[in-house]
Structure formats: C-alpha cells, structure tokens
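First comes the structure, then the notes that go with it.
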Amino acid sequence: MKKILIFIAVAATVVGCSTRSELLSYVDPKIGTGDHGHVFVGANVPFGMVQVGPTSIPQEWDWCSGYHASDSTLIGFSHTHLSGTGIGDLFDVTVMPVVGEVTYARGKHDDPNSGMWSYADRSKEVARPGYYSVPVMRYNVLAEITATSRVGYHRYTFPSSDQAAIVIDLQNGGCWDRVIKSEMRVEGNNRIVGVRHSSGWARRQSVYFVAEFSKPFDTFEVKNTHYGRANFSTKEGEKIMMKVAISPVSIEGAKANLASELPKWPKLESVVTKAEKLWTAELEKAQIESHEPNAKRIFYTALYHTMVAPSVFCDVDGSYRGADGETHPNPGHTTYTTYSLWDTYRAQMPLLSILHPEKMGGMINTMLNIHDEQGRLPVWHLWGNETDCMVGNPGVISVADAIVKQQKGVDLNRAYEAVQKTSMHPGRGNAHRIEIGYIPFDKMNSQSVAYDMEYAIADAAAAAAAKAVDKSDDAAYFEQRSHSYRNYFDPESRFIRAKNSKGEWREPFDPYFSNHNADDYCEGNAWQYTWLMPHDAEGMAECFGGKKQMIEKLDSLFIISSEVTGDKKSADISGLIGQYAHGNEPSHHTLYLYALLGEPWKCADKVREVLTTLYFDAPAGLSGNEDVGQMSAWYVMSALGLYQVEPASARYWFGSPIISEATLKVEGGQMRIVAENNSEQNKYIQRVWLNGQEYRKPWISHADLTAGGELRFEMGAEKSLWY
C-alpha cells in the first residue's frame, strides 16, 4: 500500500508541473465549491459539451454540480455536469475504476459496502483548467482526466491485480435526474457503445456515447441492467487509457465526434496541453493589473467560470437535437445548450458580447431555432428541453440585446419576430398583463410580482429592439407595457407588493418575509424586489415622489437588519448587506441605480464593498450560486468598472474599477482600460477620457467599447460628479 501511494503522489506532481501560461496559474476551479457556490470541478474546454469530473454520493442542493468542498465521496467521473445551478441534473455516463468485486449501486457514505463508491484523496487532488486528478483511495488507483469539446479522456493507474476493472455507470445521474432506459453493447474487444435516456429537470434527455479502452478487456459484463464492467488484468503501475465521446443525436454521431476530436491514443499530457491552450486563448482576451493582492486569482477564476456554458450541443457535423425532440441537420452555426437566462441576461451574456462576439451569433441563432421549434424563445433550456425554470421572458432580453448591438451573423428581422411573438405569448401569466396590465395575485397566487416585474424588463428590451428595426408602434406598445410594475408600488409603505384583480393589496404584509417559491416574489422579498426596475429608474423615482426620496429609501436598504423572516425562507437570499442580497440575481443591478440617479459615489462605495468582501480566494468565495457564470460575470464587469444596467440598452454604466489596467481583445482590436491613481481610498471617478478626449457621460456605448482604443479613469478620494 505504501509503495503505491508514493507512486501516485509522484505521478500527480509530474503532471501538475507541466508548463502552463501565467494566466492559467491564477485560475482556481475550487473557488465556489464551498457554501452554496455549486461550481463544476473537473476537466473541460471553453464552452465544451463535455464537463468530465468527479461526482459524489449526495444528491442534495449543495451537490448540484456533483462536487462540494465538504465531501470527498466519489461514485465516479461523469461526462456532463452543471456549474452553479440551483437544481441538479445531468451527470451522464459515469466511469469508475475499481479493483475486486463491488456492489453495483450509488451507495451510502455511512456504509462502505453499500456501493462501489470510494473516498477521493483531496490532499493530492489537482484541479486546473483542462485537467483533473485524484487518487481513488478504496482501489488504490490514480485517476487523471482531460477533455476535448465532445470527448472525455481518462488515464487510470492501477495496482497489480487480476480483478481490475472500469465500470460504466448509466444508472446514476445527479439530484433530480433519473434513468428511464439505458443500452450498452460491445463492439470488438475494446469498444462499448450505448445510450442513456433519463428524465429530471430536463424531462427527456438522451446521451449517446462510445467508449474505447487502450487495452483490450478480458471480458465485459452488464451488471444490474445499467452497469457495464470491463475487466482487466494489470501489473503494478499499469496505465489504462479510456476515451468517451458523447452525442445528443446518435451513437454514430458519438463515433464521428471521437474520430474527429481524438482519433488516436496520444499521451494524456498532449491533450491537456491542447486544452490549456484553448483556455489560455480565451483568458488572454482580458489581461489585467490590480492593486488588490488577490484580484488576479479572483478575476481569472471568475472569467474561467463564465466560459463553462452555454455549452456546445451539436455533433461535429453540426446536427443537433431540437426543442421539438427531433434531429436537425447543421443549421450553419454552432448550436448551444445550458441557457440559464434568468441569471445570465444580466451580466454574463453582455460580457460574452464583448469578449466572444464570434460565438454570440451561434448562441443567439440557437435561441431563434428554439423559438421556431417550441413556439417561443427559451426560458431555461437544458439539453433540448425547456424547463420553464424561473420567471419572466429572459430569452427576449438576450435576443433583443443582440438586435440592439447588431450582432453579426444574426438576421435582425427574424430575431425581432421571435422577440415580438414571445412577448405576446399568453402563457406563464403574461395573458393577464396583456388583458388588464399586470398579474393579480388572485390569478397567479405564487410569484405574481416576480413574473410581472421580469416581464416588464423584457418588455423594455423588446421596445429597444423594436426601435432598432424601425417598428415604432411596437416600440411604444412595449415601452408602455414595461411600466406594469408600477401597479405594485404602494406609496404608503413605499414597497413593491402584490395586488389582486380588484386593486387590493395582499395582507398581511412584511417586507422581510420570504416563503421560497410560494410567495409573491421569486427567491427574494419586498426589500429586494422594490428595486427590480433597471429599465425605468426615472419612472420609479416618480413613484417615490422624486429622486431624493428614492435615494433615501435606497440608502436604507443597506443599513437595515439583514434578518429574513419566515419558516421557509429562500436560501437564495444570501450575500446580505442590510437587505441587499448579492447572492441572487434580482439584486445585481441595484448598486448601479445610484449611478442612474446621479450619485455615482454611492455606487462606487457599494460596488467596492461587494467586490472586496463578497468575492474572495477560497472555496466559499462566492456569496450564492454561481448560476452558470452570472455571479462571476458580475465580478468581471464590475472589476473593470462597467455594468450594463438597462436591458438591451447597449450601454455600460461606470462604477468603481478595482482593476488598475486592463487590455480587452474586442471586435475592433484592443480596448485599454486604465484607472489612474487607483487604490482602496481612491475609489471615486474624478474624470474620464475616451481616446484622449475628455468624456462627459456616466456610461460608454457598446459600439465605442468594442471599437477599441483607450478608456481612462482618473480616480481619487473625492466624491465627484464628472459629467
């Protein structure tokens, strides 16, 4: 035992010291694995279909990604994972190296004989972009994995045994996922092909696969219907390689993916190097310097997290599984999935439009195809399935944003037609808004306020898109409809609160109260939802009786008690400063309302506080779910000093950059962002220059930002109004 453990430690060290770019060294995939971050840990490439990594025993909320810092159990290495979601699914085609006879089940952590699970030795774990390694303690096997876009590549170092095996587990998904049917068959003496059909958050999911081994197996056995065991005799320290290609379309598609991306048996290190080069190329799109000691580690880890998804969802020939359940041929662009749009429309999608315009055409066109296949733009799309998770019309916002920014490769008229039709779709409570102007709680008893307010934001985005394609009547209609949230403003309490169809307030009313997914809001309370009008700050100020009164109320948000009342309060209300909840998305724009209301120094105070106290370099370094890149995108954008507050506005409001210098690769070349005299005390913008000319606006347009040039902030300790 001692001899093998020493070998494992040395092997892990050798691979861990491969030459990598400086930027990769700043990425720590384990930031966000503690508390409720729910981030993915494992091997993948930017926006890849495969996220191959460890899956633990628990199927609970904090294990939505399959991994948590508090737990080292391991049931195997699954090829699909989610990152930062609040619901668990996927974990398809799990692979586990074993030695000896095992029980074919997930197992229980308090019973070592209840399954084939093992503890993973986290003290020797290596996790970095494109590579993951950990000793599997029960079987004395070193596991190492890397990935291409559609293929997981494994290397298992076994002890001497005539009962070594690699088990393919099609039984166990994650959390809400359950297998419906699976198939496996042998082809030759080193290949297994099959499919896993499952239902969960994604109600009808199919993952086809082909698995190949570098060494012919002695025998292959199907165990308990959903498990396949490839048996080997191994010498001490013998390495067995394994390739697993997946497809949403067919076994033939998986074979083609394998033949295209990993046809031979290269050294694992060479595939790792290719993955690292892909990550480096994407991370190099933002090169930064900062006075903050850990800012680079936090920034580049955040940037890394923004590129886990949306994920490729087509085979190498372009074919994909549509929202209608049918196989579709290559549409002429890359198809994507994992659209957490209620979260990501706020910062991640705008960030992608800046740094990844070459991918945005495929992402938006995927949404348009989803519209054609299911009759409306996506809400939360996962592996060809509309989950309808979360409230409002977030797909409208992202597509409208692309229209206003004139995204290349997108037919703007086709895109607007999808925006218009989805905005008029009567489902999910929107019929009440169309008929009477808002959603009454006696017509939709749960989350009526949240649905309506998110619909109002989407309507503002639709109005902006209509203006961009010269649909003035539509623009006027949607702009008026975007004011529906005003029906909920109570001038006496000065809160947004639910109203019935007779115009009566819901009683009793407690602005601190939360009942998760069973009250008038969504993962929030009245304190947080009173500010959910990023598209209409001036209109909200009128509701308060003026900007001064609105600012006074906004000031109170950050200094009142952080207590949330209710026996079933939402765990998503986290990252609290007073009742400001940075751990969940409805609050993410709130700090920037100060900038819109003409007091940017207060915006700077709060943005700096969040950047430096609610993001940090540790497993618990996120204040809420990562939410497929949104939590991290907020950090990236805000650290640069920019945030797109209003939906589909194509303008980014200035906050308080903690990055002293950044060079962004943008469509027009390079945009250099400089914050002169930047420090903990000098957090307020004094003056701004754009391309050498003094700039008198509190925001910069998308066109100017992505054209390239230089944006320069003069920072100081004085609370200043420079525009």
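Keep in mind that what you see is a predicted model, and the values were worked out from it rather than measured.
Remark: A302 pairs with S632, Y635, V636 by the side chain to side chain contact (heavy atoms under 4.5 Å, CB included) rule, at least two apart or across chains. Looking at residues two or more places apart in sequence or on another chain, you find a side chain to side chain donor-acceptor pair (under 3.5 Å) between T94 and S78.
Between the side chains of Q374 and H381, at least one donor-acceptor pair of N or O atoms lies under 3.5 Å. Counted by atom type alone, S198 and D177 present one or more donor-acceptor pairs between their side chains at under 3.5 Å. W342 and E454 form a side-chain donor-acceptor contact under 3.5 Å, judged by distance and modelled atom types alone. Using a 3.5 Å distance cut-off with no hydrogens or angles, the side chains of N584 and Q528 do not pair a donor with an acceptor. Checked by atom type, the side-chain pair E282/H356 shows a donor-acceptor distance below 3.5 Å. Defined by atom type and a distance below 3.5 Å, a donor-acceptor pair is present between the side-chain atoms of H38 and N625. Neither side chain, H582 nor S587, offers a donor N or O lying under 3.5 Å from an acceptor on the other. Side-chain contact annotation: E261 with Y153, donor-acceptor N/O pair under 3.5 Å absent. Counting only N and O atoms by type, the side chains of E144 and Y131 include a donor and acceptor under 3.5 Å apart. Between the side chains of Q447 and N517, a donor-acceptor pair is found at a separation under 3.5 Å.
In plain terms, the two heavy atoms of Y156 and A143 that are nearest each other are CE2-CB, 3.5 Å. Listed here is the closest heavy atom pair of V396 and A458: CG1-O, 3.6 Å.
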- Message: Go through it in stages, so that I can follow the logic: the residues are D121 and K124, the test is salt bridge (charged side-chain N to carboxylate O under 4.0 Å, His left out), and I'd like the CA-CA distance, side-chain angles, deciding distance and then a yes or no.
- Response: CA-CA 6 Å; D121 187 349; K124 296 182 176 67; 3.3 Å; yes

- Item | side chain to side chain donor-acceptor pair (under 3.5 Å) assessment of Y227 paired with N172 | CA-CA 10 Å; Y227 296 84; N172 291 292; 2.9 Å; yes

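Just one of L341, I87, L382, T85 meets the side chain to side chain contact (heavy atoms under 4.5 Å, CB included) condition when paired with C389; it is I87. Here the options are Y336, Y320, W383, the test is ring pair (Phe, Tyr, Trp, His ring centres under 6.0 Å), and the partner is F313; only W383 passes.
Ring geometry for Y529 versus Y521: interplanar angle of 30 to 60°, hence tilted. Taking the six-membered ring where the residue is Trp, H154 and H79 present tilted rings, their angle falling between 30° and 60°. Taking the six-membered ring where the residue is Trp, H197 and Y208 present perpendicular rings, their angle passing 60° and hence far from 30°.
Within the structure, salt bridge (charged side-chain N to carboxylate O under 4.0 Å, His left out) contacts touching residues 376-393 (residues at least two apart or in different chains) are R376-D388, D388-R428.
Side-chain N or O atoms of N224 include one that pairs as donor or acceptor with a backbone N or O of Y104 at under 3.5 Å.
The CE atom of M307 sits 8.0 Å away from atom CG of L355, with the distance rounded to the nearest 0.5 Å. Atom NE2 of H36 sits about 6.5 Å away from atom OG of S574, to the nearest 0.5 Å.
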